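Step one of this worksheet: look at the structure below.
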Amino acid sequence: MHSPIVSPLPGMAFPFNTSTKKKKFHNPLESCRQVNMGKRFVSIWFPCLLTDWLCIRRPPLKDCAFVFTAPIHGRIIITACNLLATNQGIQIGMPLADARALVHKIEVFDDKPDRSLKLLKGLAEWCIRYTPFVAIDLPDGILLDATGCTHLWDSEENYLNQISNRLRDLGYTAKLAIADTIGTSWAVARFANQENIVPPRKQYYALLPLPPLALRLEQNVIERLNKLGLQKIERFIQMPRSVLRRRFGENLLNRIGQAMGDEPEVFKPIIVVPEYEERLPCLEPIRTATAIEIAIKKLLEQLCIRLKNEGMGLRKAELKGFRIDGKVIHTAIGTNLSSNDPVHLFKLFALNIDKLAPGLGIELFTLSANNIEPVIQEQEKLWLSKSDLQNPSLVALLDRVAGKVGQAAIRRFLPQAQYWPERAIKKADALSEISNLPWHNPLGRPIHLLHQPENIQVSAPIPDYPPLVFIYKGKRHIIKKADGPERLERSWWLEEGEHRDYYIVEDDQGCRYWLFRAGHYSAENSRWFIHGFFA
């Protein structure tokens, strides 16, 4: 039996005897074998996030030292500083007065509490071109779930180089790392010297030479580890779990478990990816309308195959194009009935292709079905053809018209059980919506109703008689024929107000109108309105 190795903690030794019961000790290598090796996470660290952002907006600041400050507990504290200021001894957390003592000519800018969050959110949205799952890692990082994405750039090395080079071209300094777990990628990106790609199942060996701060521990735990001489993770990672828990708390074990893959870690993407979404990366930036059409057709074919296999069709779809300059262009379509026909859907997108501005080029397309519904396949009758609203030709026509003039321009109404004319109809939500009530018009109501009745001037002989003349929009109408009145009472349980006495009148030109008087007749104050027109 081997002699024990003396532990840096008093009264504790770690035996190498493999016959020791496993439940008493933490075995990191076993954790590496149990972690889901299909997952790969990328951590992006921006060590100079705020200062890089300001240099992009104001290039002359690249050649001078400057800092960001914020009031904390009654003192002005430095919250960020650029590289020139750091090289002269200025550090984050230092009072501004001490910084001015070190550097007399230093530029000072006010920091805002939510500025870093806004910057990271914008950068995270930009990173969606590399993976659909992107999360913000406050205060200065971004996390990417790169599972199944790196092969599109041939290798993980090319994947990281592509992101790093593009961020550098934008003006940001960034360090990247990829590993099986979020904890390991975070640690390597911030504390490893050169290697930024952790091979699968090798996170244990990548963590060994790193300091305890790489495990995202509290400051008091870091200080206790340093006092005991545990300046590297390799000095304590194999110690018994009971000892680590007793001396440093449960959080240390949780952080080790997250880095190894034993403990789950929450990943909250900034955008929840729709269930039905297709992505198309481009080998070269796309700038022509023909290339955009080809991309849309390919995306629709892939999406419609999924929808058809599940008996579903889309009602709303959105196309996004990620340009190389960081901007995102998008267009959307809608259908009256759920559809999974790629030819018909492409015709709807084709109406908006000329509105897309590719700029210097589009490097990624995404197509998402935001609203889907089941597609009901009805059996065709050989001796009859569809002539109602379910006719596919009519549906396709309405979709194309909506693509040109807008969906709001096409409206369909259904009857509603109300006596008051304004409430007797309702707008249908979909072309397929049906009503159990029939269209009921026993008294010959007008086809064209005004949204709101409009005032008219009327000459009426005696009460309950139709008017002889009325003036509407400055035009005088002499009435030759009239029928009425038809009295309609308000729904007293909904609102209060006067009743209406409706008349159907015909003028000397043969045009018919629907007029009403509000309330009872009054020689001094009778109010008349026009409410509709007959064909």
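The model shown is predicted, which means the values in this text are computed figures rather than measured ones. Position 1 is the first residue of the sequence, and the numbers go up from there.
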Under 3.5 Å, side chain of [X] to main-chain N/O of [Y], donor-acceptor pair present?
{"X": "Asn340", "Y": "Met312", "answer": "yes"}
{"X": "Thr184", "Y": "Thr181", "answer": "no"}
{"X": "Asn251", "Y": "Asn254", "answer": "no"}
{"X": "Arg323", "Y": "Ala357", "answer": "yes"}

Looking at [X] and [Y], what are the two nearest heavy atoms and their distance?
{"X": "Leu50", "Y": "Ala80", "answer": "CD1-CB, 3.9 Å"}
{"X": "Ile362", "Y": "Cys282", "answer": "O-SG, 3.8 Å"}
{"X": "Arg190", "Y": "Ile44", "answer": "NH2-O, 4.3 Å"}

Checking [X] now: which residues fulfil side-chain contact (heavy atoms from CB on, under 4.5 Å) with it, not counting sequence neighbours?
{"X": "Ala124", "value": "Val134, Ile136, Ile142, Ile270"}
{"X": "Ala369", "value": "Tyr276, Leu303, Leu314, Ile372"}
{"X": "Lys316", "value": "Asn371"}
{"X": "Ala518", "value": "Glu498, Phe516, Arg527, Phe529"}

Next item on the list: Please list, chain by chain and in numerical order, all residues satisfying salt bridge (Lys or Arg N to Asp or Glu O under 4.0 Å) with Glu277, sequence neighbours excluded.
Entry: none
Checklist line | Donor on one side chain, acceptor on other, His531 and Tyr502, under 3.5 Å | finding: yes
Could you check whether atom [atom1] of [X] has more than 12 heavy atoms from other residues, nucleotides or ligands sitting under 6.0 Å from it?
{"X": "Glu496", "atom1": "CD", "value": "no"}
{"X": "Lys347", "atom1": "NZ", "value": "no"}
{"X": "Leu283", "atom1": "CG", "value": "no"}
{"X": "Arg487", "atom1": "CZ", "value": "yes"}
{"X": "His330", "atom1": "NE2", "value": "no"}

Do [Y] and [X] meet the salt-bridge criterion of a basic N to acidic O distance under 4.0 Å?
{"X": "Lys327", "Y": "Asp325", "result": "no"}
{"X": "Glu506", "Y": "Arg512", "result": "no"}
{"X": "Arg306", "Y": "Glu278", "result": "yes"}
{"X": "Lys475", "Y": "Asp508", "result": "no"}
{"X": "Glu363", "Y": "Arg166", "result": "yes"}

In terms of relative ring orientation, are [X] and [Y] parallel, tilted or perpendicular, with 30° and 60° separating the classes?
{"X": "Phe267", "Y": "Phe41", "result": "tilted"}
{"X": "Tyr503", "Y": "Trp528", "result": "tilted"}
{"X": "Tyr513", "Y": "Phe533", "result": "perpendicular"}

Check: Is there a side-chain contact between Leu488 and Pro421 (heavy atoms, below 4.5 Å)?
Finding: yes
Notebook entry, point to check: Does Pro342 reach the side chain of Cys304, with side-chain heavy atoms less than 4.5 Å apart?
Noted result: yes
Check: Applying the side chain to side chain contact (heavy atoms under 4.5 Å, CB included) test to Phe46, which of Leu120, Thr51, Leu119, Asp52 qualifies?
Finding: Leu120
Give the table of side-chain donor-acceptor pairs shorter than 3.5 Å for residues 157-165, with sequence neighbours excluded, one pair per line with atom names and distance.
residue	atom	partner	partner atom	Å
Asn158	ND2	Trp153	O	3.3
Asn158	ND2	Ser155	OG	3.3
Tyr159	OH	Tyr130	O	3.0
Asn161	ND2	Glu157	O	3.1
Asn165	OD1	Arg168	NH1	3.0
Asn165	OD1	Arg168	NH2	3.1
Asn165	ND2	Asn161	O	3.0

Check: Among Thr131, Asp180, Thr150, which one satisfies side chain to side chain donor-acceptor pair (under 3.5 Å) with Arg40?
Finding: Asp180
